[in-house]
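Written below as structure tokens is the structure these notes are about.
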Amino acid sequence: MKLQPRHIRYFSLGAAVLTALPVSAGVFTGLHLWLSPFILLNSALALKTLVLFNIFGIAVLIAALVKDRWFCRYLCPTGILCDITSKLAGKNPARITLPRVNKSLAAVSLLLSLFGIPILAILDPVNAFYNFLRILSPALPAVLLINVSGLILILFLNVISPGSWCGRVCPLGGLQLLLTSARQALKQRKESGAVYTPGRRHLLTGLLGGGVGLSYMFFARRLQAAPLFRPPGSLPEDQLKSTCIRCGNCLKACPTEIIKSAFDPGDPAGILAPELDFSLSYCLPECTSCGDVCPSGAITAFTEQQKKQLFVGTVEINLAKCLLTHNRECNQCKLSCAYDAIEIASSDMESTAIPEVKASRCVGCAACKIVCPPGAIEIKPLPGNSSRSGIS
Amino acid sequence: MRRRKFIKNVLFTSGAGVLGSQLGCSPQIIQDENALQVESTGIVSEPARDIPVIAETDVLVIGGGPAGIAAAVSASRAGASTILVERYNHLGGLWTGGLVLPLLSTHAVDQSRTRRKVIYGIGDEIAQRLKNMDMAIHEINPIVDPEAAKYVLEVMIRDSGVDMLYHCWASNVLVENKKIKAVFLESKSGRVAILPKMVIDCTGDGDILHLAGENFTNLKYHIGLVHRLGNIDRVDETKPGFEKRNIGEPTPIPSVNWVNMYGEEDQDGIDLRTLSRLQQKYRIDIWERTEKIKSTPGYEQVYLLDTASQLGVRASRILDGEYTLTLEDSMTYKKFEDCIGISGAWTSMLYQGKKIPPEKRPLWQIPYRSLLPRKTDNLLVAGRCFSFEEKLVEDTRIIGTCLVTGHGAGAAAAVAAASKTTAGNVDINRVQALLKKQKAWLG
């Protein structure tokens with residue numbers, strides 16, 4: 001039997017399902033997302049940096065440059081599902097014909113990224129696929145409805161208008177078409193010197209995309225949300241919200257399951273972006289997972305050493321509750337602190353020792369808050385901007 | 001007669017400066033690398049002397065704290081001739097003389113998730129006697145009366161036939177062919193020597209393992225001084241101007257509270273100057289603190305009953321033994337073939353990112369190898385200086401665990417002495433059988 005593109009596609013679908021499962025696979029958690037050249041280009045243009053795993057996206061990018069729609073043919077898990085639903089919708093003629101916006105969408109997205117707001121990267125089809133599989137999460141918060149709706153919408157689109165997502169809308173497809181066009185234009189220019197001119201349709205989508213970007217900047221960002229805890233290494237608040245593609249990789253990779261999807265209707269720009277929940281556990285000092293697995297760069301990859309300078313919150317100790325002020329024996333906060341940020345200092349109060357926090361060392365990992373037997377420790381989000389990095 | 005007397009005397013040299021040249025081969029006094037830690041203005045050599053041997057014994061237990069008592073009673077009841085050496089005037093160590101009254105870690109959760117009693121054997125026998133005398137309060141982690149405990153321990157030591165030596169301090173050992181041949185004691189009768197078959201280091205500070213040349217880490221921790229307040233029942237809360245003051249926790253005697261002190265952190269428990277400075281500071285602090293309490297309306301009748309006769313050194317030397325017990329072991333129901341006892345938990349611990357409160361913490365087995373030094377053939381270590389990783393210190397340094405390790409070491413020493421073998425080669429099945437006979441619980 002000859003190996004055909006569809007065989008590789010099914011293999012890819014299997015791999016995508018495996019890596020999209022809501023379990024941690026260490027640094028390989030959500031590996032499939034790194035293959036998408038659309039996510040790669042958006043975040044690379046927005047952040048002007050690359051990380052090691054971007055090598056997958058670059059490889060696919062080169063393949064797509066050489067061979068038309070290489071990603072769609074071989075790797076796209078959403079594409080397979082689209083084909084199946086299109087077939088199911090079958091002989092019904094397309095009731096609606098959607099405008100062909102894919103190339104424009106891709107171009108606008110990249111342009112917005114260049115200006116630091118890669119918000120359209122969220123439309124990536126692999127991302128939609130990933131988000132859908134979060135339905136298998138052990139905990140099912142209501143916000144998961146938004147996560148799963150992407151793929152459902154795409155498939156619905158294929159039912160009412162078979163083939164239209166892949167052929168007309170998908171920005172990842174559009175990106176690859178742009179690459180093909182670029183290749184052809186280059187070739188033609190060599191031969192005839194003709195210049196590629198954008199049509200009216202591109203202008204319209206461009207205006208629409210620009211409008212989305214501008215309104216995002218002027219409205220969504222303006223809303224002042226309550227400060228939250230963000231994962232260590234998170235981009236500054238505004239950038240985080242626009243760069244994060246809400247793929248859920250960090251949630252899956254987090255060994256203590258403290259990363260949650262934020263949901264504050266008062267902060268539409270930040271909906272489903274990662275936030276930390278310190279109610280049951282804390283941020284392990286030796287863990288770098290969320291940074292390792294973030295394909296969009298919203299959480300900058302960091303080392304264990306750098307983590308000592310990645311501040312996520314500040315500690316407040318309620319001394320009235322602290323066991324030491326009741327002459328009880330305890331140094332759990334100090335023992336639990338991997339950053340040497342807590343000292344049990346002598347005091348002139350009636351007790352002979354009280355815990356003291358060295359703010360310059362405390363990153364706000366919340367280990368002390370979790371272990372404190374009487375619950376005397378609170379973690380407060382950093383004021384204003386809710387993530388602060390000491391890495392220059 | 002002369003010859004016999006000569007054999008009974010052991011040459012002892014303590015001049016640190018001349019050791020190397022005089023004693024190149026065994027028998028030898030191990031070079032004391034840490035002896036000069038204390039600030040010195042010079043060195044003086046002490047001449048060699050002959051030291052009288054006052055006894056030969058199967059088992060020599062150094063230190064009469066919870067570990068030492070359990071060890072001595074276990075060994076003596078098993079038929080070994082046993083000597084117990086104590087530097088103060090009481091048994092019980094920090095539990096009684098240190099006024100650290102709670103017998104912690106009596107309970108933990110078993111694999112069927114039920115919280116149950118885990119400390120049995122000699123430790124439990126002591127606890128039950130105190131309970132029967134109404135000198136212990138609380139079922140879990142009971143708080144005892146120190147004088148009642150001293151009495152109970154004294155009776156148990158007497159009745160089990162232990163040869164008790166008070167008011168003396170083990171100051172050196174003579175190691176010959178990897179064996180401690182003699183232990184030297186400083187006493188009012190001068191320096192004397194005991195020739196033991198087996199030695200159990202229950203000094204808390206690991207004095208003997210250190211003198212024998214074993215490796216250890218010196219864990220610097222909080223050092224405090226506990227005191228007790230009297231007339232607690234006469235506190236008048238209705239008095240105008242009354243405000244709540246910190247007067248500690250109840251004890252079995254209704255009018256008496258014990259007041260714990262956490263004290264300064266990162267203190268060196270084997271440093272002469274540190275101990276002296278803290279002793280002085282705390283004594284003054286406690287008096288002045290009590291005066292402040294007495295000047296509060298309603299507290300006029302309260303008085304300082306006593307300060308502990310022992311400074312509360314929580315940790316110091318920790319043995320680097322054949323096995324180092326880990327926090328992970330204590331959290332995962334780790335099973336040991338050579339288990340000599342089980343202890344429990346009294347405080348919350350972080351484990352794998354989660355807080356495990358004491359009422360959910362697993363019971364944990366203690367392997368014989370964690371009491372076993374690497375170099376010396378006839379030495380065992382029990383009490384807060386046995387071999388564990390620092391993260392486990394909250395559970396290893398407390399009275400309950402000391403009672404358990406002491407019992408295990410005592411039984412093992414008795415079996416080793418009787419079978420004329422080394423601590424490392426002792427038949428662990430026989431040790432476990434003896435422990436079970438002495439009502440210890442091994443899971």
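Chain A is the first sequence line, chain B the second, and so forth, proteins listed ahead of strands; every chain is numbered from 1.
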query: Around Tyr351(B), counting heavy atoms of other residues, nucleotides and ligands shown, do more than 12 lie under 6.0 Å from its OH?
result: yes
query: Can you say whether Ile370(A) sits under 4.5 Å from chain B via the side chain, the backbone, both, or neither, judging by heavy atoms?
result: both
task: Could you tell me which of Gln352(B), Lys391(B), Glu249(B) has the largest number of non-hydrogen atom pairs under 4.5 Å with chain A?
output: Glu249(B)
message: For a 4.5 angstrom cut-off between non-hydrogen side-chain atoms, does Tyr282(A) reach Lys355(B)?
response: no
- prompt: What pair of heavy atoms forms the shortest contact from Lys354(B) to Ser281(A), and how long is it?
  reply: CE-CB, 3.8 Å
task: Under 4.5 Å heavy-atom distance to chain A, tell me which part of Trp258(B) shows up: side chain, backbone, both or neither.
output: neither
message: Distance check, rounded to the nearest 0.5 Å: Tyr262(B) atom OH versus Leu323(A) atom CG?
response: 10.0 Å
query: Looking at side-chain heavy atoms only, is the closest gap between Met349(B) and Val371(A) below 4.5 Å?
result: no
query: Are more than 12 heavy atoms from other residues, nucleotides or ligands located less than 6.0 Å from atom CD of Glu139(B)?
result: no
message: Can you confirm whether Gln280(B) is buried at CD, in the sense that more than 12 heavy atoms of other residues, nucleotides or ligands lie under 6.0 Å from that atom?
response: no
- line: The reported gap from NE2 in His326(A) to CG in Asn260(B) (rounded to nearest 0.5 angstrom) is 13.5 Å
- prompt: Side chain, backbone, both or neither: which part of Ile344(A) has a non-hydrogen atom closer than 4.5 Å to chain B?
  reply: both
message: Report which part of Tyr221(B) has an atom under 4.5 Å of a heavy atom belonging to chain A: side chain, backbone, both, or neither.
response: side chain
message: Looking at every heavy atom in both Ala353(A) and Gly263(B), which two are closest together, and how far apart are they?
response: CB-O, 3.8 Å
message: I need the residue from Pro255(A), Cys287(A), Ser336(A), Cys330(A) with the largest number of non-hydrogen atom pairs under 4.5 Å to chain B.
response: Cys330(A)
- prompt: When rounded to the nearest 0.5 angstrom, what is the spacing between CE in Met261(B) and CG in Leu324(A)?
  reply: 12.5 Å
query: Under 6.0 Å from the NZ atom of Lys294(B), do we count more than 12 heavy atoms belonging to anything else shown?
result: yes
- prompt: Side chain, backbone, both or neither: which part of Glu329(A) has a non-hydrogen atom closer than 4.5 Å to chain B?
  reply: both
- request: Determine whether more than 12 heavy atoms belonging to other residues, nucleotides or ligands lie under 6.0 Å from atom CD of Glu300(B).
  value: yes
task: Against chain B, label Ala366(A) side chain, backbone, both or neither, depending on which of its atoms sit under 4.5 Å from a heavy atom there.
output: neither
query: Does CD belonging to Glu257(A) count more than 12 external heavy atoms closer than 6.0 Å?
result: no
task: Check the surroundings of atom CZ in Arg234(B): do more than 12 heavy atoms from other residues, nucleotides or ligands lie under 6.0 Å from it?
output: no
- request: Can you establish whether the number of heavy atoms outside Arg328(A) located under 6.0 Å from its atom CZ is more than 12?
  value: no
field: CG-CD distance between Asp266(B) and Glu343(A), expressed to the nearest 0.5 angstrom
entry: 8.0 Å
- request: Evaluate the criterion salt bridge (charged side-chain N to carboxylate O under 4.0 Å, His left out) for residue pair Lys334(A) and Glu394(B); output intermediate values, then yes/no.
  value: CA-CA 12 Å; Lys334(A) 187 193 171 195; Glu394(B) 285 300 307; over 6 Å; no
query: Counting N and O atoms only, with roles assigned by atom type, does the side chain of Gln332(A) sit under 3.5 Å from a partner on the main chain of Ser348(B), one being a donor and the other an acceptor?
result: yes
Segment of Glu390(B) engaging chain A (4.5 angstrom heavy-atom cut-off): neither
side-chain contact (heavy atoms from CB on, under 4.5 Å) between Glu265(B) and Asn331(A), intermediate numbers included: CA-CA 10 Å; Glu265(B) 68 174 349; Asn331(A) 66 344; over 6 Å; no
